[in-house]
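Beneath this line is the structure, given in structure tokens, with notes to follow.
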Amino acid sequence: QAVWTRQQGGAGVAGDIMVATRPDGRAFVQFSKPPFPLVTAQLAPHHWQAEFPPQNKRYSGRGNPPKRIIFLWLARALSGQPPPENWTWRQDSSGWRLENHVSGESLEGYFNNEGQPNP
């Protein structure tokens, strides 16, 4: 579960988030309001892409992802990489939060880890 807030003081959108990461740097993130995906983002070692189906928009590029696509930075933060300058990342037993302090955009939630092996 997650809440995506696009600007400081704005209304958040609650939805389901799915994140899959691989040791080689590949990642997949999907934020949806079932049954519709709102954002689908993918990272690879040298390129990235993000799709916003409700707006019929698709962005892609090489190198580091742009700071305006918070979902790509979530995958990196979960992999232990620091967020960009002027961003904060917090993760503890109650959940996680990624925030861009310049734009006010934030993403916060928790994972239930279904399908993960027990420690």
Side-chain angles (χ1 to χ4, degrees):
Q1 299 292 311
V3 176
W4 176 30
T5 305
R6 296 189 67 179
Q7 61 188 10
Q8 189 170 11
V13 176
D16 294 336
I17 193 154
M18 179 176 51
V19 179
T21 60
R22 295 181 57 142
D24 68 358
R26 294 180 190 276
F28 174 86
V29 179
Q30 185 175 63
F31 182 68
S32 59
K33 190 88 169 160
F36 305 106
L38 300 177
V39 180
T40 301
Q42 295 181 58
L43 280 173
H46 303 290
H47 63 277
W48 57 269
Q49 72 176 32
E51 296 180 43
F52 298 82
Q55 291 86 23
N56 198 28
K57 301 279 184 177
R58 182 179 179 274
Y59 304 95
S60 64
R62 297 190 177 278
N64 285 327
K67 291 180 183 178
R68 71 178 192 266
I69 304 178
I70 197 168
F71 296 92
L72 294 167
W73 292 99
L74 173 64
R76 288 189 163 189
L78 287 166
S79 295
Q81 297 178 31
E85 186 177 335
N86 297 315
W87 288 48
T88 55
W89 167 249
R90 176 192 55 80
Q91 184 176 19
D92 58 30
S93 61
S94 66
W96 48 265
R97 180 178 175 85
L98 180 61
E99 183 174 4
N100 177 335
H101 293 284
V102 174
S103 69
E105 183 177 24
S106 67
L107 188 59
E108 62 184 314
Y110 67 92
F111 295 116
N112 65 12
N113 294 324
E114 282 185 23
Q116 295 293 316
N118 291 329

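Note that the structure is predicted; figures quoted are calculated from it, not measured.
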Distance-only check: which donor-acceptor pairs under 3.5 Å involve side-chain atoms of residues 38-52, not counting sequence neighbours?
from	atom 1	to	atom 2	distance (Å)
Thr40	OG1	Gln30	NE2	3.3
Gln49	OE1	Arg58	NH2	2.7

Which pair of non-hydrogen atoms, one from Val3 and one from Gly12, has the smallest distance, and what is that distance?
CG1-CA, 3.9 Å
Which atom pair, heavy atoms only, marks the closest approach of Asn100 to Val102?
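In terms of heavy atoms, the two residues are closest at OD1-N, 2.9 Å.
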For [range], which residue pairs qualify under salt bridge (charged side-chain N to carboxylate O under 4.0 Å, His left out), counting only residues two or more places apart or in two chains?
range: residues 23-34; answer: Asp24-Arg26
range: residues 86-98; answer: Arg90-Asp92, Arg97-Glu99, Arg97-Glu108
range: residues 66-76; answer: none

Applying side-chain contact (heavy atoms from CB on, under 4.5 Å) to Asp16 and not counting sequence neighbours gives Gln1, Ser32, Pro34
Is Leu78 close to Trp89 at the side-chain level, that is, under 4.5 Å between some pair of heavy atoms?
yes
Taking the side chain as every heavy atom from C-beta outward, state whether Phe36 and Pro53 have any atom pair closer than 4.5 Å.
no
Any chance you could pull the hydrophobic cluster mates of Phe28, using side-chain heavy atoms under 4.5 angstrom and chaining through other members?
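Same cluster as Phe28: Met18.
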Derivation of the side-chain contact (heavy atoms from CB on, under 4.5 Å) call for Ile17 and Val29:
CA-CA 7 Å; Ile17 193 154; Val29 179; 4.1 Å; yes
So with a 6.0 Å cut-off around CD of Gln55, is the heavy-atom count from everything else above 12?
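More than 12 heavy atoms, drawn from other residues, nucleotides or ligands, come within 6.0 Å of this atom.
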Let me confirm one number: the CG-CZ distance from Leu74 to Phe31, rounded to the nearest 0.5 Å.
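Going from CG on Leu74 over to CZ on Phe31, the span is 11.0 Å.
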Which value, rounded to the nearest 0.5 Å, describes the distance between Ser79 atom OG and Arg22 atom CZ?
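One gets 12.0 Å once the value is rounded to the nearest 0.5 Å.
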As a quick check of understanding, evaluate side-chain contact (heavy atoms from CB on, under 4.5 Å) for Arg6 and Val13, giving each step before the final call.
CA-CA 9 Å; Arg6 296 189 67 179; Val13 176; over 6 Å; no
Go through Leu107 and Trp73 one step at a time and tell me if the side-chain contact (heavy atoms from CB on, under 4.5 Å) criterion holds.
CA-CA 10 Å; Leu107 188 59; Trp73 292 99; over 6 Å; no
